[in-house]
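Residue numbers begin at 1 in each chain, while the letters A, B, ... track the order of the sequences. As the structure is a computational prediction, the values presented were derived from the model and not from experiment. Just the heavy atoms: all of them, side chains too, but no hydrogens, waters or symmetry mates, feed the values below.
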Protein chains: 2
Amino acid sequence: MLKSRMTRQKKAILEELRNSDSHPTADEIYERIRQKIPKISLGTVYRNLETLSSSGMIKKLDIGHPQKRYDGRTGSHYHAHCINCDRVDDLPANSDLAIEDAFSHLCEYHITGHQLTIFGLCPDCKKKEKN
Amino acid sequence: MLKSRMTRQKKAILEELRNSDSHPTADEIYERIRQKIPKISLGTVYRNLETLSSSGMIKKLDIGHPQKRYDGRTGSHYHAHCINCDRVDDLPANSDLAIEDAFSHLCEYHITGHQLTIFGLCPDCKKKEKN
DNA sequence: CTAACTGCAAAAGCTTTGCTTTTCA
DNA sequence: TGAAAAGCAAAGCTTTTGCAGTTAG
């Protein structure tokens, strides 16, 4: 375990992620934190997001876009991704380890985890689509 | 549907992907095609990969790395991703629509698809890990 | 023929990094 | 007080784009 200090900047980033149920990009986090700590730099945001995610305090998500998303919920769970507005929501179900069991019989991998994402239209975009 | 011409470059890229069971990056594809078409440019590779994937002839994969991967298999299937060497393998099972059914009762999304990836050590890295 | 495509090179966009100064413990 | 982190700016990497010349149909 590396040494790590809880700075004002890091604390603010962690709080922002924990109080948010969206899954913001680094840049969105930067803009929000800037309201409280105007002099914070984007580099600091990136460095802290990296530290926090490699120590397991947050998660880095990849939704197939140039920008990564960050998630303050560390429990294992799945995501839903709107193909229209790119919003990402948490799904109300924990990871299902049975899936890993099933695939352990189908491939030669030593499985350590899995990731499941649902794609579709979020409630808002579903409504708009009807018009 | 947009008009599209089957150029020598596009054909070579498509064949390369279909004859390969790895899931190469744009740059890897570029290097391979260069053996046959030395003057091809990386920009052309990117443009063709984009055309091919938006017309559904290939798939673009995101494994959470800066570079995207490309897959010549269009049937819906899952992937295994080695956390040590970043190799990506196809899993010998088709997409399970029951998963989408299950989540359609748990969220308000209009679900159109899903993606499942297994993480772990591939057979090669599993062996090396033992030493 | 001519719209679509190529090659080349420059630009764009996100993220990382080097360096000096500041700050937490 | 010293190691770790911040701020700033420059660099890095992958991907996209503009443009003039080429080519498939």
Task: salt_bridge(A:Lys60, A:Asp62) N-O dist < 4.0 Å - done: no

TODO: Measure from CG on B:Leu42 to P on D:dT14 and round the result to the nearest Å.
DONE: 10 Å

Task: Electrostatic pair A:Glu15-A:Arg18, nearest N-O below 4.0 angstrom - done: no

TODO: Respond yes when some side-chain nitrogen or oxygen of B:Lys10 is under 4.0 Å from OP1 or OP2 of C:dA4, and no when none is.
DONE: no

- [ ] Answer with base, sugar-phosphate or nothing: what part of the nucleic acid does B:Arg47 contact at a heavy-atom distance below 4.0 Å?
- [x] base

- [ ] Measure the acute angle between the ring planes of A:Phe119 and A:His81, then classify it against the limits of 30° and 60° as parallel, tilted or perpendicular.
- [x] tilted

TODO: Just call it for B:Thr7: base, sugar-phosphate, or nothing, with non-hydrogen atoms closer than 4.0 Å on any strand.
DONE: sugar-phosphate

- [ ] For B:Asn48, report the nucleic acid contact type (base, sugar-phosphate, nothing); a contact means any heavy atom under 4.0 Å.
- [x] sugar-phosphate

- [ ] Consider the side chain of B:Thr44, meaning its heavy atoms from C-beta on, and name the nucleotide among D:dA6, C:dT6, C:dC14 that approaches it most closely.
- [x] C:dT6

- [ ] May I ask you to verify if any side-chain N or O of A:Ser41 is less than 4.0 angstrom from the OP1 or OP2 atom of D:dA6?
- [x] no

- [ ] Can you label the angle between the A:Tyr78 ring and the B:Phe103 ring as parallel, tilted or perpendicular, going by 30° and 60°?
- [x] perpendicular

Open item on the list: If I take atom CD1 in residue A:Ile37 and atom C1' in nucleotide D:dA6, what distance separates them, rounded to the nearest angstrom?
Closed with: 11 Å

Task: Nearest-nucleotide comparison on DNA chain D, the residue closer to the 5′ end among B:Met6 and A:Thr51 - done: A:Thr51

Open item on the list: From NE2 of A:His65 over to C1' of D:dT16, roughly how many Å is that when rounded to an integer?
Closed with: 16 Å

TODO: Side chain of A:Lys39 only, please: which of C:dC14, D:dT15, D:dG7 is the nearest?
DONE: D:dG7

TODO: Check the distance between C:dA9's C1' and B:Ile40's CD1 and give it to me in whole angstrom.
DONE: 17 Å

Open item on the list: Heavy-atom nearest nucleotide on DNA chain D for B:Gly43 versus B:Arg5: which residue maps closer to 5'?
Closed with: B:Gly43

Open item on the list: From CG of B:Asp86 over to P of D:dT14, roughly how many Å is that when rounded to an integer?
Closed with: 13 Å

Open item on the list: For B:Arg34, is there an ion pair with B:Glu31 - N to carboxylate O distance below 4.0 angstrom?
Closed with: yes

Open item on the list: Between P on D:dG21 and CD on B:Gln9, what's the gap in Å once rounded to a whole number?
Closed with: 19 Å

Task: Rounded distance in Å - NZ (B:Lys11) to P (C:dT6) - done: 13 Å

TODO: Nearest whole angstrom, please: distance from the P of D:dT14 to the OH of B:Tyr30.
DONE: 14 Å

